[in-house]
There are 2 protein chains.
Amino acid sequence: MARRDEPKVERISEAEHAVMEALWEKSPLSAADVCDRVCAQRDWSMPTVKTLLSRLVAKGAVATEAEGRRFLYTPLIERAAYAGQESRRLVDRLFGGRPASLFAHLAESEALNEDDLAEIERLLKALRS
Amino acid sequence: MARRDEPKVERISEAEHAVMEALWEKSPLSAADVCDRVCAQRDWSMPTVKTLLSRLVAKGAVATEAEGRRFLYTPLIERAAYAGQESRRLVDRLFGGRPASLFAHLAESEALNEDDLAEIERLLKALRS
DNA sequence: CATGGTCGATTACGACTGTAGACGGATCGA
DNA sequence: TCGATCCGTCTACAGTCGTAATCGACCATG
């Protein structure tokens, strides 16, 4: 698996992730914009959002760009990369690194509905062609 | 999805999880036994293992049973339940609650090898029958 | 009966996380 | 030009996590 050298970003915490989601949805955004988006779901105040943004910048997960006197924030890591990293963590930790085990588990626990199965089947067929 | 009312256990941390793995592999075990198993991988000392065991007992994830003067520890939650809970968390957080998206992601990132694909295909076929 | 080893329980403590207030500089309106 | 704003930074603080030393009870042995 040709591992691209992604910007080696430290682990993103749960709260930080919520901020990243906002930025992935749209960027660049000012701190106030981010707050508008996340403070709706999580019940946060401006300072909280700013702290999280700072930490993300410190970690190298987000870039700042001055726009006038304020900063605009842009994610440096891609959502897919993050999702992949987290998925791999889970699969490694709980399923001995075998994705098929995860799938088996989901199937067994009936977490897969008809749509999921159909979709997976379709993907599988596509991969096999 | 008929959710059984599992013992509502607080979130198990990474380190605690390592202890749970030991207990899932074999139980009941004394603290020393657990240490034998986990101190091999993680480089821990006895006190560390005992702290983790205590925390797990406090959280209701592990039960104690006196055997002579020492305690024997037994997991109260099942591995599958834990795996399911964590998987759901991941799918909810990163894939909008759609397991198929997780699968798609794994496929796209080439995290699935031939064996995985074959296995999943087999499972899928079994589910469909 | 005294002593030392064995356990679990208690305490410690630094790092990280979640959450937020206070500070200080830049800026815009008056 | 002067204060009211806006914004990023610094500071704070309680809770959790990872890691471990220490304490106190208990039992076996001399």
Side-chain angles (χ1 to χ4, degrees), chain A residues 8-23 27-76 82 85-86 89 93, chain B residues 8-23 27-74 82 85-86 89 93:
Chain A
K8 200 55 190 175
V9 59
E10 298 162 59
R11 196 152 163 54
I12 291 175
S13 81
E14 176 93 13
E16 287 161 0
H17 171 233
V19 169
M20 291 302 289
E21 284 293 345
L23 291 174
S27 77
L29 289 180
S30 70
D33 291 338
V34 172
C35 188
D36 283 350
R37 287 159 182 260
V38 301
C39 295
Q41 295 131 51
R42 328 282 287 236
D43 188 34
W44 288 341
S45 66
M46 253 314 254
T48 300
V49 173
K50 292 197 189 161
T51 299
L52 294 172
L53 280 169
S54 303
R55 287 182 183 165
L56 285 168
V57 170
K59 285 184 186 180
V62 164
T64 53
E65 156 201 10
E67 181 249 23
R69 80 197 112 299
R70 91 181 87 199
F71 277 169
L72 294 184
Y73 298 86
T74 313
L76 277 182
Y82 176 70
Q85 174 189 319
E86 290 299 297
R89 274 176 62 85
R93 232 162 56 88
Chain B
K8 200 55 188 177
V9 61
E10 298 163 59
R11 193 151 165 58
I12 291 174
S13 79
E14 175 93 13
E16 286 160 2
H17 172 233
V19 169
M20 291 303 288
E21 284 294 346
L23 290 174
S27 77
L29 288 180
S30 70
D33 290 339
V34 172
C35 187
D36 283 350
R37 287 158 184 259
V38 301
C39 296
Q41 295 132 50
R42 328 282 287 237
D43 188 35
W44 288 341
S45 65
M46 252 315 252
T48 299
V49 173
K50 294 204 186 152
T51 298
L52 293 172
L53 280 169
S54 303
R55 287 181 183 164
L56 285 168
V57 170
K59 287 185 185 178
V62 164
T64 52
E65 157 202 8
E67 182 248 24
R69 86 178 110 260
R70 92 179 88 198
F71 277 168
L72 294 185
Y73 299 86
T74 313
Y82 177 70
Q85 174 189 321
E86 290 300 297
R89 274 176 64 85
R93 231 161 58 89

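Letters A, B, ... are given to chains in the order of the sequence lines, protein chains preceding strands, and every chain is numbered from 1.
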Length of the NZ-C1' vector between A:K59 and C:dG18, whole Å: 12 Å
Student check: side-chain heavy atoms of A:M20 and A:V62 closer than 4.5 Å: yes
Salt-bridge contact A:E21-A:R37 (side-chain N to carboxylate O under 4.0 Å): no
Sugar-phosphate, base or nothing in reach of A:T64, heavy atoms under 4.0 Å: nothing
Nearest-0.5 Å distance that lies between atom CD in B:E67 and atom OG in B:S30: 8.0 Å
Main-chain N/O of B:D33 paired with B:D36 side-chain donor or acceptor, under 3.5 Å: no
Whole-Å gap separating C1' (C:dA15) and CD (B:E14): 15 Å
Candidates D:dT9, C:dT10, C:dT27 - which lies nearest the side chain of A:R69: C:dT27
Length of the line joining A:L56:CG and C:dT19:C1', which is rounded to integer Å: 15 Å
Distance-only donor-acceptor test, B:R55 side-chain atoms vs C:dT10 base atoms, 3.5 Å: no
Below 4.0 Å: OP1/OP2 of C:dG8 and any side-chain N or O of B:S54: no
Whole-Å distance separating the NE2 atom of B:H17 from the P atom of D:dG18: 12 Å
Interatomic distance where CG belongs to A:L52 and C1' belongs to D:dA12 [whole Å]: 15 Å
Non-hydrogen side-chain atoms of A:R89 and B:E14 separated by less than 4.5 Å: yes
Of A:T51 and B:R70, the one whose closest DNA chain C nucleotide lies more 5': B:R70
Strand contacts (DNA chain C) in residues 33-48 of chain A, 4.0 angstrom heavy-atom criterion: A:W44, A:S45, A:P47, A:T48
Touch class at under 4.0 angstrom, heavy-atom based, for A:A31 against every strand present: sugar-phosphate
Whole angstrom value for the distance that separates C1' of C:dC16 from CD of A:E10: 11 Å
Atom-to-atom span, CZ of A:F71 to P of D:dC6 - whole angstrom: 18 Å
Of A:E16, A:E86, A:Q85, the residue whose pairing with A:R11 passes side chain to side chain donor-acceptor pair (under 3.5 Å): A:E86
d(NZ, A:K50; C1', C:dG24) in whole Å: 12 Å
Nearest-0.5 Å distance that lies between atom CE in A:M46 and atom CG in A:L53: 8.5 Å
Position toward the 5' end of DNA chain C (nearest nucleotide), A:R11 or A:G68: A:R11
